[in-house]
Participant: 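Just passing along the structure, written as structure tokens.
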Amino acid sequence: MDYFIISAVLVSISAAFGYINVRFLKLPNTIGLMLITIVFTLAVFAVSFVDDTLLNAEKYIITHIDFRTVLLDIMLSFLLFAGALHTNFEQLKVQRWPILVFSTLGVLVSTFLVGTFVYYMLQLFQMNVQFVYCLLFGALISPTDPIAVLGILKQAGAPKKLETKIVGESLFNDGVGVVVFLTIFQLASSGSSEFEPMAILELFGVEVIGGIALGLFAGWITYRLMRSIDDYDIEVIITLAAVMMGTVVAQKLHVSAPLAMVTAGLVVGNDTVRNSAMSETTETYVDKFWELLDILLNTLLFVLIGMEMLVISFETSYVVAGLVAIPIVLLCRYLSLLLPIKFFQEKLDFVPGTNLVMTWGGLRGGISIALALGLTEAMHRDLFLVITYIVVVFSIIVQGLTVGKLVKRVTT
């Protein structure tokens, strides 16, 4: 089975699941697809007791996909560019300082808190796991997923100020979270028990600042090219080339491709660039193209996440640890936002219940699972993969289904 056949099967499954959701369940795409995929996977398990052909075919597909590479090195750039392209730039400018603090300090504080709580929780369960590996879990579970949360917030009718904070933070904390994860990963891989602040700061500087600088440059080049012509077909292709080549260059320069693409998307999508570089026809085509690509990749992503159940070892002790980790992750998310929100709420007129909504609405998604899949066996990969999967599924289905009601309750 070659990659074209695997791609054809995945797109066909995604189309079928998307149809079932829109036709019958009528849930937000993220939630509906996750739910349908889990039910489908459980059905495949049940059928395998009679005939294991379908189970073996699914396992073949999943084991032949490098999930971490596919998501972090390819899909994430497209998804984040599409998300940033449709973000309200003016609102983002107003909320830039809290978004910056939430996506940097918030991620670091959450990483440390989750790592510490999980370390002691695992000790209670008689699991001897080094603290640095628990910090790795803290780093991979702390970033929230803009792909998962954006559609749900829009459907819930969240106030624009609140939606901008959550989506803006999610767009940037993915890149920061990946940098934090890679830093701790290097430390854990080296076997050193001592943190080297200068080395960490250097990696942060190169990855974060370099990624943003590259994104600004890519966005500016895209803007100049689009401004000099008026042909919607070619202009759409220019935006696609910007994301693809921008990602390649980011990887070659060892800077953050996710942050680069978020920045480029914000530059190309802001009203000034739209008004001066795009005709009305071009703007429509660019938006529709990226909306379509966003939906396609989104659908594929959540089908893949659901199918990961087939290759995860669900031991009882791992499942219990995963269930206990759910309130730990939520509590740490709440605590990491507490001080920044207190500091900014009066100056920027925060919506009542902002911390509660940002905690419950900070959904986890494919990024967390992709990072967990990148762990080595020595880092207790199976344990943290199960915990991550349980937290992500709870986040998308339970939090995703109820965040709309929470938004309406605290903002009305």
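For this chain, numbers begin at 1 and follow the sequence in order. We use all heavy atoms of the structure for the numbers below, so side chains are in, but hydrogens, waters and symmetry mates are not.
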Participant: Would one find more than 12 heavy atoms of other residues, nucleotides or ligands at under 6.0 Å from atom NZ of Lys26?
Facilitator: yes
Participant: Measure the acute angle between the ring planes of Tyr389 and Phe314, then classify it against the limits of 30° and 60° as parallel, tilted or perpendicular.
Facilitator: perpendicular
Participant: Taking all heavy atoms of Leu122 and all of Ala321, pick out the closest pair and write down the distance.
Facilitator: CD2-CB, 4.2 Å
Participant: How long is the span from the CH2 atom in Trp290 to the CG atom in Leu297, to the nearest 0.5 Å?
Facilitator: 8.5 Å
Participant: At their closest point, which heavy atom of Tyr334 faces which heavy atom of Leu356, and how far apart are they?
Facilitator: CE1-N, 4.4 Å
Participant: Side chains of Arg68 and Asp73, heavy atoms from C-beta outward: is any pair under 4.5 Å?
Facilitator: no
Participant: Any sub-3.5 Å donor-acceptor pair from Gln399's side-chain atoms to Trp360's backbone N or O?
Facilitator: yes
Participant: Above 12 or not: heavy atoms from other molecules or residues under 6.0 Å from CZ of Phe125?
Facilitator: yes
Participant: Got Val129 and Cys134 here, is their nearest side-chain heavy-atom distance under 4.5 Å?
Facilitator: yes
Participant: Would you say the side-chain atoms of Ser103 pair up with the backbone N or O of Glu169, donor to acceptor, closer than 3.5 Å?
Facilitator: no
Participant: Looking at Tyr318 and Ile390, what are the two nearest heavy atoms and their distance?
Facilitator: O-CD1, 4.5 Å
Participant: Starting from the C-alpha separation in whole Å, work towards a yes-or-no answer on side chain to side chain contact (heavy atoms under 4.5 Å, CB included) for Ile397 and Leu35.
Facilitator: CA-CA 7 Å; Ile397 295 177; Leu35 206 55; 3.6 Å; yes
Participant: We want to know whether Thr164 and Gln95 form a side-chain donor-acceptor pair, criterion being a heavy-atom distance below 3.5 angstrom.
Facilitator: no
Participant: Students often mix this up, so state it plainly: with edges at 30° and 60°, are the rings of Phe344 and Phe350 parallel, tilted or perpendicular?
Facilitator: parallel
Participant: Has Arg381 got a side-chain atom pairing as donor or acceptor with Thr376's backbone, closer than 3.5 angstrom?
Facilitator: no
Participant: Does the side chain to side chain contact (heavy atoms under 4.5 Å, CB included) test come out yes or no for Leu10 and Met307, once each step is laid out?
Facilitator: CA-CA 10 Å; Leu10 286 173; Met307 289 171 71; 4.0 Å; yes
Participant: Give the minimum heavy-atom separation between Ala188 and Leu136, together with the two atoms involved.
Facilitator: CB-CD1, 4.2 Å
Participant: Would you check if Leu363 and Thr144 make a side-chain contact, meaning some heavy-atom pair closer than 4.5 Å?
Facilitator: no
Participant: Fit a plane to each ring of Phe24 and Tyr19, take the angle between them on a 0 to 90° scale, and name the class: parallel (under 30°), tilted (30 to 60°) or perpendicular (over 60°).
Facilitator: perpendicular
Participant: Mind checking whether Glu58 and Ile62 have side chains closer than 4.5 Å, heavy atoms only?
Facilitator: no
Participant: With a sphere of 6.0 Å drawn around CZ of Phe112, does it hold more than 12 non-hydrogen atoms of other residues, nucleotides or ligands?
Facilitator: no
Participant: Distance-only, no hydrogens or angles: does the Asn21 side chain make a donor-acceptor pair with backbone N or O of Leu27 under 3.5 Å?
Facilitator: yes
Participant: Take Val311 and Thr63 through the side chain to side chain contact (heavy atoms under 4.5 Å, CB included) test and state the conclusion after the steps.
Facilitator: CA-CA 8 Å; Val311 292; Thr63 51; 4.0 Å; yes
Participant: Which value, rounded to the nearest 0.5 Å, describes the distance between Gln251 atom CD and Thr247 atom OG1?
Facilitator: 6.5 Å
Participant: Assess whether side chain to side chain contact (heavy atoms under 4.5 Å, CB included) is satisfied between Leu259 and Phe172, documenting all intermediate values.
Facilitator: CA-CA 6 Å; Leu259 284 176; Phe172 283 100; 3.8 Å; yes
Participant: Above 12 or not: heavy atoms from other molecules or residues under 6.0 Å from CE of Met127?
Facilitator: yes
Participant: How long is the straight-line distance from CG of Leu71 back to CG of Leu300, given to the nearest 0.5 Å?
Facilitator: 11.5 Å
Participant: Taking Ser110 for its side chain and Val107 for its backbone only, find out whether a donor-acceptor pair lies under 3.5 Å.
Facilitator: no
Participant: In this structure, which one of Val176, Leu113, Thr111, Val329 forms a side chain to side chain contact (heavy atoms under 4.5 Å, CB included) with Ser142?
Facilitator: Thr111
Participant: Enter the distance from Leu187:CG to Leu135:CG here, rounded to the nearest 0.5 Å.
Facilitator: 9.0 Å
Participant: May I ask you to decide if Arg364's main-chain N or O and Ser395's side chain share a donor-acceptor pair within less than 3.5 Å?
Facilitator: yes
Participant: Hey, are Asp52 and Lys59 close enough for a salt bridge, meaning a charged N less than 4.0 Å from a carboxylate O?
Facilitator: no
Participant: Could you state the interatomic distance from CG (Leu80) to CE (Met75), rounded to the nearest 0.5 Å?
Facilitator: 11.0 Å
Participant: Would you say that Leu323 contacts Val319 through its side chain, given a criterion of any heavy-atom pair below 4.5 Å between the two side chains?
Facilitator: yes
Participant: Got Lys93 and Asn270 here, is their nearest side-chain heavy-atom distance under 4.5 Å?
Facilitator: no
Participant: Could you tell me whether the side chain of Asn298 reaches within less than 4.5 Å of the side chain of Asn29, counting heavy atoms only?
Facilitator: no
Participant: Taking C-beta and beyond as the side chain, do Ile295 and Thr299 meet within less than 4.5 Å on heavy atoms?
Facilitator: yes
Participant: For Phe289, I'd like to know if atom CZ has over 12 heavy atoms of other residues, nucleotides or ligands within 6.0 Å.
Facilitator: yes
Participant: What heavy-atom pair brings Val273 and Val267 nearest, and what distance separates the two atoms?
Facilitator: CG2-O, 3.2 Å
Participant: Return the minimal non-hydrogen interatomic distance between Val132 and Ile184, and the atom names on each side.
Facilitator: O-CG2, 3.8 Å
Participant: How many angstroms lie between atom CD1 of Ile141 and atom CZ of Arg333, to the nearest 0.5 angstrom?
Facilitator: 12.0 Å
